[in-house]
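Working notes, beginning with the structure itself.
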Amino acid sequence: LAVAREGAPYTPQDQERITRIGNLIAGALSGHIHQQAMGVAEAEVAENEAQFLQVAENLRGGFWLSDLRPHKVLYNSPSNGDVWGIPSEKLNAGWPVMRELVHPEDVERVETALKTAYQTGELDEEFRIYRSDGSIRWLSDRGFPIRNESGEMYRMGGFVEDITERKEAELRLTESERLASIEELSAGVAHEINNPLTSIVLYSQMLLDEDVPEAIRNDLQVVSSQAYRAAKIVRNLLQFARKSDPEKRPLGIGWLGRRALE
């Protein structure tokens, strides 16, 4: 700011008046610049918030945000409510509401994990919940710490995802592995039994072909009959182990009844 005049030099009063005018103009300019900067900052905050909400609301699972000290839920995405099966606004009440939905067998484990998470900021837990339709769903809840400029943890964020399909796939895989082990064991047992059983069948038949007393013959027929029965069980075990198609044929109910009574 420059001031000039023609004629007599400036008096001290002129200099004081000009200084006041300059300070007023400088203050006005400074305030205007500050207001512009605030406007830009507010616009950036609003844009960042809009982008955050857009991302949070379009996640595959749900997103949540909490203060830690004191603990307070700050945000739950609408998709978080979809995962839990209740309106997301109800989830803002925190654990007391969630506890009512968690499977009774998982409540204590989840509660312990949350207490630890409030201290460490780390959460990685899988648990079951009851939906309003009575179905049971598996959820995965993962949390991470949020720190301020000083490096102090003051918030937590996290993601909740429905992992029921994955859990069911894991269960099917486990069941398949278990059945494979049973099949392998069945094959081994069947082969081990089959060898001595073959000897029993052959020797009992050889003795029946001999001229033996009637009482002994009756006993041999029982031995032979039961040996054939055991041999059929062995064949069934081998059939199960080899995953072959089951044999289907007509069966008399009278014969089945007599075999059940033996």
Side-chain angles (χ1 to χ4, degrees), residues 61 83-85 99-113 124-141 160-262:
V83 172
W84 284 86
R99 192 181 194 281
E100 297 299 318
L101 303 175
V102 176
H103 194 287
E105 295 179 3
D106 298 342
V107 167
E108 184 176 354
R109 175 168 53 83
V110 175
E111 197 165 28
T112 300
D124 188 356
E125 200 67 32
E126 296 179 354
F127 52 91
R128 294 162 293 175
I129 65 167
Y130 281 109
R131 299 290 295 269
S132 57
D133 59 2
S135 63
I136 297 178
R137 307 294 293 180
W138 273 95
L139 302 189
S140 171
D141 197 353
V160 178
E161 184 180 3
D162 189 322
I163 58 169
T164 305
E165 285 73 18
R166 192 193 81 192
K167 280 290 186 180
E168 289 176 348
E170 290 175 354
L171 182 61
R172 287 194 296 270
L173 178 61
T174 301
E175 184 68 13
S176 176
E177 292 174 347
R178 187 181 71 84
L179 287 175
S181 299
I182 293 175
E183 290 164 4
E184 185 177 351
L185 177 62
S186 299
V189 170
H191 282 296
E192 289 297 324
I193 295 176
N194 200 44
N195 293 331
L197 195 57
T198 301
S199 299
I200 295 172
V201 171
L202 291 175
Y203 279 106
S204 62
Q205 283 299 122
M206 289 175 59
L207 290 172
L208 284 171
D209 292 338
E210 300 290 333
D211 185 16
V212 294
E214 190 64 26
I216 296 176
R217 178 175 294 276
N218 291 336
D219 290 340
L220 287 173
Q221 286 176 340
V222 171
V223 171
S224 178
S225 173
Q226 295 302 315
Y228 276 113
R229 184 180 180 185
K232 186 173 182 179
I233 294 174
V234 169
R235 286 196 301 273
N236 290 338
L237 283 174
L238 288 173
Q239 187 180 59
F240 171 74
R242 293 166 184 163
K243 298 182 179 179
S244 57
D245 293 332
E247 178 187 358
K248 296 180 180 179
R249 59 185 177 84
L251 184 65
I253 190 67
W255 177 86
L256 183 62
R258 287 192 299 273
R259 291 297 301 271
L261 293 174
E262 289 180 359

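Only this structure's heavy atoms are used, side chains among them; waters, hydrogens and symmetry mates stay out.
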Q. Minimum heavy-atom separation for Trp138 to Thr164, with atom names?
A. N-OG1, 2.9 Å
(Q) Do Arg217 and Leu208 have side chains that approach each other closer than 4.5 Å (heavy atoms only, starting at C-beta)? (A) yes
Q) By salt bridge (Lys or Arg N to Asp or Glu O under 4.0 Å), which residues pair with Asp124, not counting sequence neighbours? A) Arg142
(Q) I need the minimum non-hydrogen distance between Leu139 and Asp162, along with the two atoms involved. (A) CD2-CA, 3.9 Å
Q: Kindly write out the residues that satisfy salt bridge (Lys or Arg N to Asp or Glu O under 4.0 Å) with Asp141, not counting sequence neighbours, or none if the list is empty.
A: none
**Q.** Expected output: side-chain Ser225 to main-chain Gln221 donor-acceptor under 3.5 Å
**A.** no
Q) Counting heavy atoms not belonging to Asp211, are there more than 12 under 6.0 Å from its CG? A) no
Q. Between Val110 and Val102, which heavy-atom pair has the shortest distance, and what is it?
A. CG2-CG1, 4.4 Å
Q | ring pair (Phe, Tyr, Trp, His ring centres under 6.0 Å) involving Tyr203 - partner list, sequence neighbours excluded | A | none
Q | Results of side chain to side chain contact (heavy atoms under 4.5 Å, CB included) for Glu210 - residues two or more places apart only | A | Val212
Q) Between the side chain of Ser224 and the main-chain N/O of Leu220, is any donor-acceptor distance below 3.5 Å? A) no
Q. Should we say atom CD of Glu165 is surrounded by more than 12 heavy atoms from elsewhere, each under 6.0 Å from it?
A. yes
Q: Just jot down the side chain to side chain donor-acceptor pair (under 3.5 Å) partners of Ser140, sequence neighbours excluded, or say none.
A: none
Q: Give, for atom CD of Gln205 and atom OH of Tyr228, the distance between the pair rounded to the nearest 0.5 Å.
A: 4.0 Å
**Q.** Ser135 side chain vs Arg131 backbone, donor-acceptor pair below 3.5 Å
**A.** no
(Q) To the nearest 0.5 Å, what is the distance between CD1 on Ile163 and CD on Glu170? (A) 7.5 Å
(Q) As an exercise, state the distance from CD1 of Ile200 to CD of Gln226, rounded to the nearest 0.5 Å. (A) 11.0 Å
Q | Qualifying residues under side chain to side chain contact (heavy atoms under 4.5 Å, CB included), relative to Leu171, sequence neighbours excluded | A | none
Q.
Please find the pair of heavy atoms, one from Val160 and one from Trp84, that lie closest to each other, and give the distance.
A. CG1-NE1, 3.9 Å
Q | N/O donor-acceptor pair under 3.5 Å between Arg109 side chain and Glu126 backbone | A | yes
